[in-house]
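Chain identifiers are assigned alphabetically (A, B, ...) following the order of the sequence lines, protein sequences preceding nucleic acid strands; residue numbering begins at 1 within each chain. Note: hydrogens, waters and symmetry copies are ignored here, and every other heavy atom, side chains too, is used.
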Amino acid sequence: MYKEFKIAFNYKNQKDEDKNIILKIYNLLLEQYGPQGWWPVKGKYFPDEKNRDEENRYEIIVGAILTQNTAWKNVEKALSNLREEGLIDPDRIMKIDTNKLAELIRSSGYYNQKALRLKEVTENLLFYIKTGKIPKREELLIIRGIGPETADSILLYAFHYPIFVVDAYTRRLLIRIGLCKFPCSYDDAQNLFMSNLPRDEKLFNEYHALIVKHGKDLCKKNPLCSKCILKKKSICPK
DNA sequence: ATCCAGGCGTTAT
DNA sequence: ATAACGCATGGA
């Protein structure tokens with residue numbers, strides 16, 4: 001099942017694969033939820049094929065900023081407003097009045113901050129957005145508005161660079177399973193995945209998306225453990 | 001009404 | 001180093 005998501009694995013036999021708990025969790029989540037199809041770019045407004053990659057890339061970066069500590073549903077509304085105004089375009093974002101921009105992205109929360117940061121990020125990444133050249137992680141981290149999760153999201157989803165994205169769901173999951181002890185720093189969590197998995201962009205993409213799905217549906221603050229496949233397979237002790 | 005969502009930066013201990 | 005706080009909307 002889902003063979004196309006497993007091609008990166010290089011194990012000679014099932015036994016070796018079973019010893020890798022990180023990989024086991026991935027396969028179980030994939031089995032339970034199916035492929036998630038991230039990043040969910042909605043735009044179909046490309047004037048010509050040449051700009052398609054650039055616009056996709058930029059929409060993902062904008063989404064990564066807007067979704068910080070905010071439900072994706074609220075971000076979609078904001079993105080659709082930007083689309084209607086033809087603002088999934090770095091040059092045009094730089095020109096629009098910040099207050100006007102803030103109003104368009106209101107539904108995504110923290111809209112004054114995010115309008116400001118959207119412009120700063122866009123300005124600083126203009127070259128990378130346009131060329132598709134991959135920025136360095138450290139270079140992203142010094143931009144105001146980009147922390148570790150957003151940096152890695154941009155690298156993975158906008159630039160297809162194989163780095164594992166960690167979020168609140170990921171840490172909560174690792175702590176509950178007992179693979180990482182509280183508070184489970186960003187780097188600790190990231191290392192756990194990256195040292196136990198082949199460095200494969202498609203795998204990291206799907207795995208993070210599956211963890212988010214799992215965190216939303218079952219492994220919530222108040223978890224629904226009775227329905228959880230990780231509990232059933234005795235991977236999670238809760 | 002209260003709580004939470006695909007965090008981050010600043011300021012206080 | 002780590003904790004607490006502000007930023008803010010919309011859905012459950």
Side-chain angles (χ1 to χ4, degrees), chain A residues 25-26 29-30 33-42 59-82 98-125 137-161 163-176 180-190 193 201 203-224:
Chain A
I25 293 167
Y26 171 75
L29 293 179
L30 185 59
Y33 300 110
Q36 299 299 300
W38 276 31
W39 188 285
V41 170
K42 285 274 178 63
E59 177 163 333
I60 290 165
I61 291 169
V62 173
I65 303 292
L66 295 186
T67 197
Q68 289 168 358
N69 203 36
T70 300
W72 181 252
K73 187 80 186 220
N74 295 349
V75 177
E76 285 191 318
K77 173 70 179 157
L79 284 175
S80 119
N81 288 341
L82 294 179
T98 304
N99 291 318
K100 170 74 175 162
L101 177 58
E103 214 40 57
L104 290 168
I105 63 170
R106 180 180 244 283
S107 67
S108 68
Y110 311 130
Y111 51 89
N112 290 313
Q113 264 193 6
K114 283 176 178 174
L116 236 27
R117 290 177 181 178
L118 208 44
K119 284 192 163 186
E120 282 195 44
V121 169
T122 302
E123 184 173 23
N124 282 284
L125 294 183
R137 190 175 193 263
E138 313 82 68
E139 199 172 345
L140 294 175
L141 287 174
I142 57 180
I143 301 171
R144 259 162 32 133
I146 299 185
E149 182 183 343
T150 307
D152 291 337
S153 287
I154 289 173
L155 287 169
L156 179 63
Y157 290 105
F159 291 93
H160 307 288
Y161 178 83
I163 191 158
F164 202 91
V165 177
V166 171
D167 63 359
Y169 293 131
T170 310
R171 281 138 105 172
R172 187 161 71 200
L173 179 67
L174 291 178
I175 290 167
R176 281 180 175 163
C180 191
K181 56 178 185 300
F182 185 86
C184 191
S185 75
Y186 191 97
D187 291 345
D188 286 347
Q190 187 175 55
F193 288 95
E201 175 251 332
L203 169 63
F204 290 175
N205 175 324
E206 191 55 41
Y207 205 159
H208 173 65
L210 283 166
I211 290 173
V212 171
K213 174 74 172 164
H214 184 57
K216 279 181 180 167
D217 286 8
L218 301 183
C219 202
K220 308 188 272 196
K221 176 154 287 184
N222 260 324
L224 307 175

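Within the nucleic acid shown, A:K221 comes within 4.0 Å of sugar-phosphate atoms alone, with no base atom in reach, counting heavy atoms only. If you check every strand for non-hydrogen atoms under 4.0 Å, A:I146 touches sugar and phosphate atoms only. Counting any heavy atom pair closer than 4.0 Å across all strands shown, A:P183 reaches no nucleic acid atom. In this structure, A:I143 reaches the sugar-phosphate backbone alone: every heavy-atom distance under 4.0 Å involves primed, P, OP1 or OP2 atoms, never a base. Residue A:Q113 is in base contact, counting any heavy-atom pair closer than 4.0 Å across all strands shown.
Using a distance-only test at 3.5 Å, with no hydrogens or angles considered, no donor-acceptor pair links the side chain of A:S80 to the main chain of A:A78. Under a 3.5 Å cut-off, the side chain of A:D188 and the backbone N or O of A:C184 do not form any donor-acceptor pair. At distances below 3.5 Å, at least one donor-acceptor pair connects side-chain atoms of A:S107 with backbone N or O atoms of A:N74. Looking at A:R172, its side chain does come within 3.5 Å of a backbone N or O of A:C219 through a donor-acceptor pair. Judged by distance alone, the side chain of A:Q190 and the main-chain N or O of A:F164 form a donor-acceptor pair under 3.5 Å.
C:dA8 sits 15 Å from B:dT10 when the P atoms are compared, rounded to a whole Å. Separation of the P atoms belonging to C:dA4 and B:dG6 is 24 Å when rounded to the nearest angstrom. The same atom, C1', is picked in B:dC4 and in C:dC7; the two are 15 Å apart, to the nearest Å.
Between A:L141 and A:T67, the residue anchored closer to the 5' end of DNA chain B is A:T67, taking for each the nucleotide with the nearest heavy atom.
Atoms CD (A:E120) and P (B:dC8) sit 15 Å apart, rounded to a whole Å. A straight line from NZ of A:K220 to P of C:dG11 spans 17 Å, rounded to a whole angstrom. If you measure from atom CZ of A:R171 to atom P of B:dA5, you get 13 Å, rounded to the nearest angstrom. Across the protein-nucleic acid pair, A:R117 atom CZ and C:dC7 atom C1' stand 8 Å apart, rounded to whole Å. Rounding to whole angstrom units, NZ of residue A:K73 and P of B:dG6 are separated by 12 Å. Rounded to whole angstrom, the span from the CD1 atom of A:I61 across to the C1' atom of B:dG7 amounts to 17 Å. Rounded to an integer number of Å, the gap from CG of A:L79 to P of C:dT9 is 18 Å. With rounding to whole Å, A:L116 atom CG is found 15 Å from C:dA8 atom C1'.
For A:A168, counting side-chain heavy atoms from C-beta on, the closest listed nucleotide (B:dG6, C:dT9, B:dG7) is B:dG7. Which of B:dG6, B:dG9, C:dG10 sits closest to the side chain of A:R144 comes down to B:dG9. Checking C:dA8, B:dG6, C:dG10 against the side-chain heavy atoms of A:W39 singles out B:dG6 as nearest. The side chain of A:N112 lies closest to C:dA8, out of C:dA8, B:dG9, B:dG6. Distance from the side chain of A:N74 is smallest to C:dG10 among C:dG10, C:dA8, B:dC8. The nucleotide whose nearest atom lies closest to any side-chain atom of A:Q68 is, among B:dG6, B:dC8, C:dA8, B:dC8.
Only one option out of A:Y207, A:F193, A:F204 pairs with A:Y26 in a ring-ring contact (aromatic ring centres under 6.0 Å, His included); it is A:Y207.
Using a 5.5 Å limit on the distance between ring centres and a 30° limit on the angle between planes, the aromatic ring of A:W72 does not count as stacked on the six-membered base ring of B:dA5. Where stacking is scored as ring centres under 5.5 Å apart with planes under 30°, A:Y110 does not register as stacked on the base of C:dG6.
With hydrogens and angles left out, the side chain of A:D167 and the base of B:dG6 share no donor-acceptor pair within 3.5 Å.
For the residue pair A:H214 / A:Y33, a side-chain donor-acceptor distance below 3.5 Å is found, with atom types taken as modelled.
The phosphate of C:dA8 has neither OP1 nor OP2 within less than 4.0 Å of any side-chain N or O from A:Y111. Remark: A:T150 is in phosphate contact with B:dC8, judged by side-chain N or O atoms under 4.0 Å from OP1 or OP2.
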